[in-house]
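A short write-up of the structure that comes next.
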Number of protein chains: 2
Amino acid sequence: MTAHDLTKNQEMVLGALSAADGPLSAYTILDRLRDRGFRAPLQVYRALDKLLDYGLVHRLESINSFVACAHPHCHAHGSLAFAICEKCGQVEEFSDATVQSRLADWSREHGFKPSKTAIEIRGTCAACLAV
Amino acid sequence: MTAHDLTKNQEMVLGALSAADGPLSAYTILDRLRDRGFRAPLQVYRALDKLLDYGLVHRLESINSFVACAHPHCHAHGSLAFAICEKCGQVEEFSDATVQSRLADWSREHGFKPSKTAIEIRGTCAACLAV
DNA sequence: TCTCCTGTGTAATGATATTACATTCATTGC
DNA sequence: GCAATGAATGTAATATCATTACACAGGAGA
């Protein structure tokens with residue numbers, strides 16, 4: 001797997017996501033990059049599109065936000081799962097081979113050709129439950 | 001399980017979703033109900049909130065749309081999964097006990113208390129692949 | 001009756017995402 | 001060198017999705 005050659009905007013967007021301690025919306029990214037020259041949503045969305053392609057960033061469908069991949073070096077792709085804490089906003093990224101194979105089974109049995117799978121558990125994380 | 005006593009607006013929104021042959025966005029529902037007196041998005045969103053509570057309607061997070069539950073009589077809840085065709089828009093609703101238990105396992109092991117789980121496979125359905 | 005709760009009507013606004021069009025810049029082939 | 005090409009970028013406008021705020025109507029129960 002060769003490293004991708006990121007453009008300036010892609011670097012900045014990925015940097016903003018990596019520096020954050022949780023998922024960010026596109027408009028939040030935009031705000032954080034305004035003093036670095038960003039002016040319009042499209043600059044963010046275009047960079048995100050590429051970063052999503054490269055697998056360096058994930059989109060959290062259920063909260064319209066984006067996170068840097070937790071394992072940017074091992075591109076062990078397939079369908080990832082996310083646990084999203086509704087209290088603190090923290091996200092845990094994980095994958096489960098059994099879940100993946102069960103969903104793949106269903107798809108095969110039903111002649112469905114999957115392109116992108118979202119598995120998102122919203123709830124309360126251990127840290128927030130402890131409070 | 002007692003049948004829910006739906007209000008007029010809830011009936012109309014559920015009716016619109018049941019009559020549709022695929023998921024609808026809130027604004028599409030609004031448009032379809034304009035000649036029945038609907039005027040504002042909130043009328044739709046409020047009805048949807050209740051219908052979601054009752055389990056009569058599901059929200060497809062990845063496409064910001066809503067569908068009538070495919071099994072409104074057997075409220076076999078838990079985390080449902082959806083296969084969404086990006087060509088024709090048709091949605092298949094299904095559930096898989098193994099997937100559910102694996103995700104429940106992960107949650108227990110990590111002290112995460114789930115409230116709502118979304119499992120959505122986007123891709124191409126058998127019918128569209130056959131074309 | 002009074003209060004409380006739920007549902008409703010309406011306007012305004014906020015939040016997320018895309019379309020359209022012009023420009024810049026590096027690369028390639030002549 | 002220099003046109004041709006394609007990717008990335010800049011900007012404005014607009015489309016799409018969702019919520020806040022406030023007012024009113026009607027039923028259930030003290």
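Side chains included, hydrogens not; waters and symmetry mates left out as well; all remaining heavy atoms used. Throughout, protein chains are lettered first and strands after them, A, B, ... in sequence-line order, and every chain is numbered starting at 1.
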Closest to side chain of A:Lys8, choosing from D:dT19, D:dG10, C:dA17: D:dG10
Options C:dT8, C:dT16, D:dA18, nucleotide nearest the side-chain atoms of A:Tyr45: C:dT16
Name of the residue among B:Arg36, B:Gln43, B:Arg32 meeting side-chain contact (heavy atoms from CB on, under 4.5 Å) with B:Met12: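 Among the candidates, only B:Arg36 passes.
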[X] [atom1] to [N] [atom2], straight-line distance once rounded to whole Å:
| X | N | atom1 | atom2 | value |
| --- | --- | --- | --- | --- |
| B:Leu30 | C:dT10 | CG | P | 12 Å |
| A:Leu60 | C:dT16 | CG | P | 13 Å |
| B:Asn9 | D:dG26 | CG | P | 15 Å |
| B:Asp49 | D:dT19 | CG | C1' | 10 Å |
| A:Leu24 | C:dA15 | CG | P | 15 Å |
| B:Arg39 | C:dA12 | CZ | P | 13 Å |
| B:Arg36 | C:dT8 | CZ | P | 13 Å |
| B:Leu48 | D:dT19 | CG | P | 10 Å |

Tell me whether the OP1 or OP2 atom of [N] has a side-chain N or O from [X] closer than 4.0 Å.
| X | N | value |
| --- | --- | --- |
| A:Arg59 | C:dA17 | yes |
| A:Gln43 | D:dT9 | no |
| B:Thr7 | C:dT8 | yes |
| A:Arg46 | C:dT19 | no |
| B:Asn64 | C:dA17 | no |

Residue mapping more 5' on DNA chain C - nearest nucleotide basis, B:Leu42 or B:Gln10: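 Looking at the nearest nucleotide for each, B:Gln10 comes out on the 5' side.
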Salt bridge A:Asp31-A:Arg34, side-chain N to carboxylate O under 4.0 Å: yes
Check ion pair A:Glu61-A:Arg59 (N to O, under 4.0 angstrom):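 Between A:Arg59 and A:Glu61 there is a salt bridge, with a charged N closer than 4.0 Å to a carboxylate O.
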Upstream residue (5' side of DNA chain D) when A:Ala47 and B:Thr28 are each assigned their closest nucleotide: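 Its nucleotide being nearer the 5' end, the pick is A:Ala47.
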Aromatic ring pairing B:Phe94/A:His110, orientation class (parallel under 30°, perpendicular over 60°, tilted between):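 If you compare the ring of B:Phe94 with that of A:His110, the planes turn out parallel.
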Aro-ring/base stack B:Tyr27-D:dT16, d under 5.5 Å, angle under 30°: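 No, B:Tyr27 does not stack on the base of D:dT16.
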Ring center gap for B:His58 and B:Phe66 short of 6.0 angstrom: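 They do not qualify: ring centres at least 6.0 Å apart.
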